[in-house]
Chemist: 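Would you mind keeping the following structure in view while I ask a few things?
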Amino acid sequence: MRKWVILVLLLVVIALSGVFAVNRVARSKPIVVSLATVREETGGSAGSSTVLNASGYVMPRREATVSAKMTGKVIEVLAEEGKRVEAGQILARLDDSNIKANHKLAGAQLAASRAALGEAEASLKEASANHRRVEALILEKIETPAGLDRAEAALRIAEARVATQRANIAAAEQGLAVWTQQLEDTIIRAPFSGIVTAKNAQPGETISPMSSGGFTRTGI
């Protein structure tokens with residue numbers, strides 16, 4: 001009987017020792033701590049940074065009503081509302097049929113003036129040669145002073161014709177330049193890069209830098 005009691009006591013002691021060992025091991029392990037960041041919301045829904053809602057107008061930095069330098073009939077409009085254009089881009093064209101005819105005539109007049117100058121220079125060259133020949137004959141007493149006077153007069157006339165033709169060429173060049181500029185003025189270009197906000201003219205309408213009322217518009 002005593003052997004059984006001793007055996008039970010030993011088993012109890014062993015059990016208590018095991019429990020004590022398990023508790024000691026558990027205490028030696030580090031405590032796991034979970035970290036979380038706390039952030040304050042600034043208003044509105046989660047993830048939204050909107051702090052103010054308002055209405056207003058979008059104003060351009062610069063704005064221009066594009067027109068032509070001359071009065072004319074619109075034959076083509078190449079820009080549409082909302083379309084982006086670059087500086088110098090063609091926006092519209094005016095009827096240039098009459099201007100083209102005058103430009104062609106001015107070119108023909110310039111060509112004729114240049115041809116006339118060639119003839120005048122040839123005549124001057126001939127008159128100059130004749131004048132030198134008459135001067136040589138005067139020294140040899142073969143030609144009379146009257147003959148020399150005639151040669152000098154012909155030389156002066158030839159020089160005047162050359163000067164006149166050169167002036168005519170300069171005038172013809174200026175005339176051609178004027179019609180060339182008028183041709184360019186029938187092409188309406190964008191003054192700067194931007195967005196077309198309104199199209200005020202259609203093909204067939206007349207525009208003018210200064211409105212005269214009626215159906216005449218001031219801008220494209």
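Only a predicted model underlies this, so the values are computations on that prediction, with no experimental measurement involved.
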Chemist: Which distance, rounded to the nearest 0.5 Å, do you find between the CG of L124 and the CD1 of I157?
Modeler: 12.0 Å
Chemist: So, do V85 and V196 sit near enough that their side-chain heavy atoms are less than 4.5 Å apart?
Modeler: yes
Chemist: If I compare all heavy atoms of A198 with all of E81, which pair ends up nearest, and what's the gap?
Modeler: CA-OE2, 3.6 Å
Chemist: Looking at A190, is its backbone amide N or carbonyl O close enough to the side chain of Q89 to form a donor-acceptor pair, meaning the two atoms are under 3.5 Å apart?
Modeler: no
Chemist: Tell me, do L148 and H131 make a side-chain contact under 4.5 Å, heavy atoms counted?
Modeler: yes
Chemist: I'd like to know if R84 and E86 make a salt bridge, using a cut-off of under 4.0 Å between side-chain N and carboxylate O.
Modeler: yes
Chemist: When hydrophobic residues are tied together by side-chain contacts of less than 4.5 Å, even through go-betweens, does L155 share a cluster with V134?
Modeler: no
Chemist: At their closest point, which heavy atom of Q182 faces which heavy atom of M70, and how far apart are they?
Modeler: O-SD, 3.9 Å
Chemist: Tell me the closest heavy-atom pair linking L183 and K100, and the distance in Å.
Modeler: CD2-CG, 3.6 Å
Chemist: Under 3.5 Å, side chain of E205 to main-chain N/O of Q202, donor-acceptor pair present?
Modeler: yes
Chemist: State the CG-CH2 distance between D96 and W179, to the nearest 0.5 angstrom.
Modeler: 12.0 Å
Chemist: So, the side chain of S67 versus the backbone of T218: is there a donor-acceptor pair under 3.5 Å, distance only?
Modeler: yes
Chemist: Quick one: does V178's side chain get under 4.5 Å of Q174's, heavy atoms only?
Modeler: no
Chemist: So do L94 and I75 actually touch side chain to side chain, heavy atoms under 4.5 Å?
Modeler: no
Chemist: Given 3.5 Å as the limit, does a donor-acceptor pair link the side chain of N102 with the main chain of K104, or not?
Modeler: no
Chemist: Tell me the closest heavy-atom pair linking K83 and L78, and the distance in Å.
Modeler: NZ-O, 3.4 Å
Chemist: Does any part of the side chain of R189, heavy atoms only, come nearer than 4.5 Å to the side chain of L91, both counted from C-beta?
Modeler: no
Chemist: Is there side-chain contact between I188 and I207, with heavy atoms separated by less than 4.5 Å?
Modeler: yes
Chemist: Find the distance between CZ (F192) and CZ (R61) and round it off to the nearest 0.5 Å.
Modeler: 12.5 Å
Chemist: Check whether any side-chain N or O of S193 sits under 3.5 Å from a backbone N or O of A87 as a donor-acceptor pair, and report yes or no.
Modeler: yes
Chemist: Hey, could you give me the CG/CG distance between L117 and N168, rounded to the nearest 0.5 Å?
Modeler: 9.5 Å
Chemist: Please tell me whether V74 and I99 are part of a single hydrophobic cluster in this structure, the criterion being side-chain heavy atoms less than 4.5 Å apart.
Modeler: yes
Chemist: Does the side chain of R133 come within less than 4.5 Å of L137's, by heavy atoms?
Modeler: yes
Chemist: Any donor-acceptor pair under 3.5 Å linking the side chain of S128 with the backbone of K125?
Modeler: no
Chemist: Working to the nearest 0.5 angstrom, can you tell me the gap between N98 CG and T186 OG1?
Modeler: 11.5 Å
Chemist: Examine distances only and state if a side-chain atom of E126 and a backbone atom of S123 form a donor-acceptor pair shorter than 3.5 Å.
Modeler: no
Chemist: Using every non-hydrogen atom in the two residues, find where T71 and S208 come nearest and quote the distance to one decimal.
Modeler: OG1-OG, 2.9 Å
Chemist: Check this for me: does any side-chain nitrogen of one of E121 and R166 sit under 4.0 Å from a carboxylate oxygen of the other?
Modeler: yes
Chemist: Does a donor on one side chain and an acceptor on the other come within less than 3.5 Å for Q181 and D185?
Modeler: yes
Chemist: Could you please spell out the steps behind the salt bridge (Lys or Arg N to Asp or Glu O under 4.0 Å) verdict for E173 and R114?
Modeler: CA-CA 10 Å; E173 288 176 342; R114 288 173 175 170; 3.2 Å; yes
Chemist: Restricting to non-hydrogen atoms, name the atom on N130 and the atom on A151 that form the minimum distance, rounded to 0.1 Å.
Modeler: ND2-CB, 3.8 Å
Chemist: Between CD1 of I90 and CD1 of I187, what distance do you get to the nearest 0.5 Å?
Modeler: 5.0 Å
Chemist: Quick one: are K199 and V77 in side-chain contact, heavy atoms under 4.5 Å?
Modeler: yes
